[in-house]
Q: 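Before I ask anything, here is the structure I am working with.
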2 protein chains.
Amino acid sequence: MGRKRLQPTADGRPTVHTVAARAGVSIASASRVLNGVGGSPETVRKVREAAAEVGYVPNAIARSLQSQRTGLVALAVADIGNPVYVAMMRAVEAVVAASGRQLLVHATGGDVAGEISLLRRLAHRYVDGMIVSPIRITDHHLEAMVVSPVPVVVVGQLPDDAPVDNVRTDSRAGVGLAVDHLLAAGRRRIGFLNGPLDTVPGAVRDAGFRAALASHGITVDENLIEVGDFQYAAGRAAATRLLARAEPDALLCANDLIAVGALHALLSEDRRVPQDVALVGMDDTELAQMAFPQLSSVSLGSADRGRRAAELLLERIAEPDLPPRRAHVAPSLVVRASSTPGGTPRPAAPSQPGDPVPAPGRTAGLARAAGTEPVTAPTEVI
Amino acid sequence: MGRKRLQPTADGRPTVHTVAARAGVSIASASRVLNGVGGSPETVRKVREAAAEVGYVPNAIARSLQSQRTGLVALAVADIGNPVYVAMMRAVEAVVAASGRQLLVHATGGDVAGEISLLRRLAHRYVDGMIVSPIRITDHHLEAMVVSPVPVVVVGQLPDDAPVDNVRTDSRAGVGLAVDHLLAAGRRRIGFLNGPLDTVPGAVRDAGFRAALASHGITVDENLIEVGDFQYAAGRAAATRLLARAEPDALLCANDLIAVGALHALLSEDRRVPQDVALVGMDDTELAQMAFPQLSSVSLGSADRGRRAAELLLERIAEPDLPPRRAHVAPSLVVRASSTPGGTPRPAAPSQPGDPVPAPGRTAGLARAAGTEPVTAPTEVI
DNA sequence: TTGTAAGCGTTATCAC
DNA sequence: GTGATAACGCTTACAA
């Protein structure tokens, strides 16, 4: 560098200097007018005119360097193709956009190393804050979050003493809702298709399943449990394996992708759903409504969690010294055709076109009067 | 400001100054070492040591201000929940990440005004470039793109003389592939479920459908055409309307979401797919494989288009003075159970867990020998 | 190789 | 109200 050129930028675009010169005022005055603070009517006019003439647009980077904020917020999820994250993303986007910021989406692929390096990169301060929903969580994650100069909010389970903002749901209880429902419907041999046990969701669901059966005095039959991945193909394969060695009358799936996979495994073996095998998914994504028959699913309030996470993040950005907070979203069960006794019902009426909110079926809330609509799951902050 | 404080940053984080002071060298030397250019072995050691001790991380914003690049690339799509965009997003992400950049995803909701303001905001230079896939395209779009100081690549149809990098597919021909296939299978009353005609994809598909029928000497029966939205619920509703007034033996749908909606409309009226009504979708998304029976679908190479768009963008970022380029991705038809004569076949074997690439069925390429795998659709740049 | 200093484009301070 | 100028944190020409 070292060349003197204070007028337009290198590529010829106007800067405050350009505008100021053209308006015949100092850059300070120009800047003030451009930001709507101060300036005599005459100055305002001249600057506005000059700016319009040259097509001035402020450089967001220079502004960020000065203001120490970028107006960007990041969301890191494992699988951008999983509808549960799409729902979360939409909710986050809405809150973030409403605050005038923009959302940066990272797809981590569930890769631990990648996630950690992402967290560490926060130190570069390219975003004002980050929401992360890790499916595995290590000490490195925690350390990177604590050390990070920009606020982080975690969606998902976290050690109780972790000094990080956190919004969670009780997926363990969610599994319990599904088990209760299936048992109440008279099912006795409930199969369980889970994701990897070394992930947080996988481990919690496994514990929840065993606890739920135990609470009903039922011994766990390991033959009825299959572990695969949180994906359609893996779910289908897992269901096929399970069906080859056991005779379940119900299948509980750790998410909706697995459930749709299981549905197709069942259909391709000519098992009727729900007559022969009842099916319940988790996450209550759009997929659950787009399956045929429509899937009962445990709602973990992903949109709500996203919304709360975004709110917590924005609050912390505004007030960095807040103590760590924790928000809860209660799970609920949305019952649809796939687990409704009495034949294959017709699919429910289509919801509003473009409506991102699941059309509710019957709902069995956790701490909620039966029949209450799961419009907005209650959230509370401890 | 105006306060002299050249050591750490306002919130106490180390800067080059901190490192330089600690290492006992000038900030220039510190910067050089940190960037791996120059420096005597002794200096390098001292600076590295100092940087590690204070936990120095460069400020990306300051760096951007200097380098005039942010390392961010944006992708703007209408509906982040539509699997076709998910596929595109993944492909873009891969290319972008490989270049060491990060991807910023905007969900425009198909809102024209929002899209244009997004394009205009590019002038703020917060990203190094943008890929946009508008479903409606106006003169304002074009003007904003031409005026934009940062490169824009459009995925989708564009006026031929628009001086903008562009990757497109021939969805008109794609519709033709589907019509040919259905006619060859002996279907004669082909219904068509389209999206809005005032969108580019909707208009092109409509033209394609009519042209394809005409080329076979078939007169269009307007009763067999329904227009809704590019969504599941709308597709289902449209199919229901169409079935109420006509008796199609095949249904061609403008995308896979509509097709899944139509599938459920058919199933809920006890029509067998494909025996009574053959079904073909478009976009060949994951949804097509996740439906039961699996959906035949016209692949428009969304992943490929995303990849090409990202490549074009990166090339232009590197070389801004390139003439406008245009890349093509050929459509192909992936035939699956939903349009295969001879009963409801079992769904195909599950693809690799986590495999983002659709498991190919039989393929009828456009300019390709029959039976060739649609591994990577051929792309050519004019 | 090293240090000095200019400059990226903006906002904020402080005298006038 | 206005203008000169420092500062945000970094890179880099240029001279030593």
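Below, chain A is the first sequence line, B the second, and so on; all start at residue 1. The figures here come from the full heavy-atom set of this structure, side chains too, leaving out hydrogens, waters and symmetry mates.
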Q: Using whole Å, report how far OH of Y126(A) lies from P of dC10(D).
A: 13 Å
Q: Has the side chain of S148(B) got a donor or acceptor atom that lies under 3.5 Å from a matching backbone atom of A144(B)?
A: no
Q: Please determine whether a side-chain nitrogen of the Lys or Arg among R90(B) and D79(A) lies less than 4.0 Å from a carboxylate oxygen of the Asp or Glu.
A: yes
Q: Are S67(A) and R69(A) linked by a side-chain donor-acceptor pair shorter than 3.5 Å?
A: no
Q: Tell me what S64(B) touches on the nucleic acid: a base, only sugar-phosphate, or nothing, going by heavy atoms under 4.0 Å.
A: nothing
Q: If I take atom CG in residue L34(B) and atom C1' in nucleotide dT12(D), what distance separates them, rounded to the nearest angstrom?
A: 15 Å
Q: If you take atom types as modelled and just measure distance, does the side chain of R125(A) reach the base of dG9(D) with a donor-acceptor pair under 3.5 Å?
A: no
Q: Go through the N and O atoms of the side chain of Q66(B) and the base of dG7(C), and report whether any donor-acceptor pair is under 3.5 Å.
A: yes
Q: Roughly how many Å is it from CG in N59(A) to P in dG7(C), rounded to a whole number?
A: 18 Å
Q: With a 4.0 Å limit, can you tell me whether R63(B) has a side-chain N or O closer than that to the phosphate oxygens OP1/OP2 of dT11(D)?
A: yes
Q: Hey, which of these two, S29(B) or N35(A), hits DNA chain C nearer its 5' end, going by closest nucleotide?
A: S29(B)
Q: Which part of the nucleic acid, if any, lies within contact of T43(B), taking any heavy atom under 4.0 Å across all strands shown: a base, the sugar-phosphate backbone alone, or nothing?
A: sugar-phosphate
Q: Could you pick out which residue, A28(B) or V37(A), lies toward the 5' side of DNA chain C when each is mapped onto its nearest nucleotide?
A: A28(B)
Q: Output yes when a side-chain donor or acceptor of R316(A) lies under 3.5 Å from a complementary backbone atom of L322(A), and no otherwise.
A: yes
Q: Determine the contact category for I61(A): base if any of its heavy atoms lies under 4.0 Å from a base atom, sugar-phosphate if only primed atoms, P, OP1 or OP2 are that close, otherwise nothing.
A: nothing
Q: dT11(D), OP1 or OP2 - any side-chain N/O from S31(B) closer than 4.0 Å?
A: yes
Q: So, does D128(A) use its side chain to make a donor-acceptor pair with the main chain of G71(A) at under 3.5 Å?
A: yes
Q: Output yes when at least one side-chain N/O atom of Q68(A) is less than 4.0 Å from OP1 or OP2 of dT11(C), else no.
A: no
Q: Nearest whole Å is fine: how far is dT10(C) C1' from L65(B) CG?
A: 8 Å
Q: Does T15(A) have a side-chain nitrogen or oxygen under 4.0 Å from the phosphate oxygens OP1 or OP2 of dG9(C)?
A: no
Q: CD1 of I27(B) versus P of dC8(D): gap in Å, rounded?
A: 12 Å
Q: Could you tell me the separation between the CZ atom of R69(B) and the P atom of dC10(D), rounded to a whole number of Å?
A: 18 Å
Q: When all nucleic acid strands are considered with a 4.0 Å heavy-atom cut-off, which category describes S40(B): base, sugar-phosphate, or nothing?
A: sugar-phosphate
Q: Nearest whole Å is fine: how far is dT13(C) P from R32(A) CZ?
A: 11 Å
